[in-house]
A.B. asks: 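What follows is a single structure, and I will ask about it in a moment.
Order of the sequence lines fixes the chain letters, A, B, ..., with proteins taken first and strands second; residue numbering starts at 1 for each chain.
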Amino acid sequence: MTDQKMSLGLKLLTAAAILFVLSAGCLVFLYAPRERVMGEVQRVFYFHVASAWVGMLSFVVAAVAGVTYLVRRTRTWDLVGASSVEIGMVFGLIAILSGSIWARPAWNTWWTWDPRLVTTTIMELVYAAYVLLRQGVEDPERRARFGAVYAIVGVLTVPITFLSIRFLRTIHPVVIGSGDAAAQGAFDMTPPMLQTFMFSLLAFSVLYFALLLHRVRLARRAEAIEMRRAELAAA
Amino acid sequence: MIEAIPDTRAYLIGGYSVILGGLLLYVFSLIVRWRALAREEGWLAEIEQGEKK
């Protein structure tokens, strides 16, 4: 049987995540000033970057869970890895779509074959393949081993995506550190903008861990039911 | 001459609709899957009880 009641810790983390995201929203709309060149659309930047950050964090956590699974062979780490990949894909997709909406007024196009956009899409597709291929493996042990190895190899797309705007010629703005002269839509952050940005990153990180625990809880329940079903079928 | 700030509110609304809509959709999917598992657990319990009888 699985623990169907939410633990106090998870309740508190969920409440904290909601509170943090709402507070970040207040900072974005009420505290951060309007950017002079792009206007209101610049405010998309705070949650867009935070989503991209959580996407990358999720894939790193999945790789760490993969290593831990291969060392300890504990099923929970397999569930953590798979859950983290699913959350990373959601946030990655949100980052791509919100970035595209920001790009329309900033770059005058919804999409361009810029290194950052391409590497982010490849990263997303690599993990989409993870989900599809993982579902095709019947044996739980083999599935977990496959997931762990894939997550460890797949995480290579994270530094490539992160560093693409630093090493390749790109029009995508570099948020931290100086940008390429070709960057379009770059801006200098004022202290309130920087504070809002950092708080948004923190809020989305808390949200990620809350979602991860909920997703792992769901996966554990699904696994317990699968085992019960197998026992019934064997009886 | 000072340039006017462009009106990009429609894109702001679009951007946050995607972000918040995506998040809410994912949370909703977690709730739906959790409820589906609860239903399945109920069915399994009924089958187990039926077999005991």
A.B. asks: Going by heavy atoms in the side chains, are B/Thr8 and A/Met38 under 4.5 Å from each other?
C.D. replies: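 Contact flag for B/Thr8/A/Met38 side chains = no.
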A.B. asks: When the aromatic ring centroids of A/Tyr46 and B/Tyr16 are compared, is their separation below 6.0 Å?
C.D. replies: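 Between A/Tyr46 and B/Tyr16, the centre distance exceeds or equals 6.0 Å.
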A.B. asks: Taking only residues two or more places apart in sequence, or in another chain, which ones meet A/Glu124 in a salt bridge (charged side-chain N to carboxylate O under 4.0 Å, His left out)?
C.D. replies: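 By the salt bridge (charged side-chain N to carboxylate O under 4.0 Å, His left out) rule, A/Glu124 matches no residue at all.
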A.B. asks: How many angstroms lie between atom CZ of A/Arg221 and atom CD of B/Glu41, to the nearest 0.5 angstrom?
C.D. replies: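 A/Arg221 CZ to B/Glu41 CD: 4.5 Å, rounded to 0.5 Å.
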A.B. asks: CD1/B/Ile31 to NE2/A/His214 distance, rounded to the nearest 0.5 angstrom?
C.D. replies: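 Taking CD1 in B/Ile31 and NE2 in A/His214, the distance rounds to 9.0 Å.
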A.B. asks: May I ask you to decide if B/Ile19's main-chain N or O and A/Ser98's side chain share a donor-acceptor pair within less than 3.5 Å?
C.D. replies: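 Between the backbone of B/Ile19 and the side chain of A/Ser98 there is no qualifying donor-acceptor contact (under 3.5 Å).
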A.B. asks: Chain B: which of A/Ile101, A/Val37, A/Leu207 shares the most heavy-atom pairs with it under 4.5 Å?
C.D. replies: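 Among A/Ile101, A/Val37, A/Leu207, the one with the most close pairs to chain B is A/Ile101.
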A.B. asks: For the atom pair CG (B/Leu37) and CZ (A/Arg217), what is the distance rounded to the nearest 0.5 Å?
C.D. replies: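 Nearest 0.5 Å value for the CG-CZ distance: 11.0 Å.
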A.B. asks: With a 4.5 angstrom heavy-atom cut-off, which part of A/Phe45 approaches chain B: side chain, backbone, both or neither?
C.D. replies: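 Answer is neither: A/Phe45 stays 4.5 Å or more from chain B.
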A.B. asks: Is it the side chain or the backbone of A/Leu93 that comes within 4.5 Å of chain B heavy atoms, both, or neither?
C.D. replies: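 For A/Leu93, neither part sits under 4.5 Å from chain B.
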A.B. asks: Is any side-chain heavy atom of A/Val44 less than 4.5 Å from a side-chain heavy atom of B/Val18?
C.D. replies: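 Result no, sub-4.5 Å side-chain heavy-atom pair not found.
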A.B. asks: Select, from A/Leu232, A/Val90, A/Val21, the one with the greatest count of heavy-atom pairs under 4.5 Å involving chain B.
C.D. replies: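 Most heavy-atom pairs under 4.5 Å with chain B: A/Leu232.
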A.B. asks: Does B/Trp43 have A/Arg229 sitting over its ring (NZ/CZ under 6.0 Å from centre, angle to axis within 45°)?
C.D. replies: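 So A/Arg229 doesn't make the cation-pi contact.
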A.B. asks: Among residues 21-28 of chain B, which residues come closer than 4.5 Å to chain A, judged by heavy atom distances?
C.D. replies: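 The stretch touches chain A at B/Gly22, B/Leu23, B/Tyr26, B/Val27.
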A.B. asks: Taking C-beta and beyond as the side chain, do B/Tyr11 and A/Glu40 meet within less than 4.5 Å on heavy atoms?
C.D. replies: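 B/Tyr11 vs A/Glu40: side chains apart.
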A.B. asks: Tell me, side chain or backbone of B/Ala38 under 4.5 Å from chain A's heavy atoms, or both, or neither?
C.D. replies: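 Contact with chain A is through both the backbone and side chain of B/Ala38.
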A.B. asks: Could you grab the distance from atom CG of A/Leu97 to atom OG of B/Ser17, nearest 0.5 Å is fine?
C.D. replies: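 With rounding to 0.5 Å, CG (A/Leu97) is 12.0 Å from OG (B/Ser17).
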A.B. asks: Answer yes when A/Glu86 and B/Arg33 have at least one side-chain N-carboxylate O distance shorter than 4.0 Å, and no when they do not.
C.D. replies: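 Yes, this pair counts.
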A.B. asks: Would you compute the distance between atom CZ of A/Arg34 and atom CD1 of B/Ile5 and round it to the nearest 0.5 angstrom?
C.D. replies: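 A/Arg34 atom CZ to B/Ile5 atom CD1 measures 4.0 Å (nearest 0.5 Å).
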A.B. asks: Counting only non-hydrogen atoms closer than 4.5 Å, does A/Val28 touch chain B with its backbone (N, CA, C, O), its side chain (CB onward), both, or neither?
C.D. replies: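 For A/Val28, the contact with chain B is made by the side chain alone.
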A.B. asks: To the closest 0.5 Å, what do you measure between CZ (A/Arg228) and CD1 (B/Ile47)?
C.D. replies: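 Atom-to-atom, A/Arg228:CZ and B/Ile47:CD1 are 9.5 Å apart.
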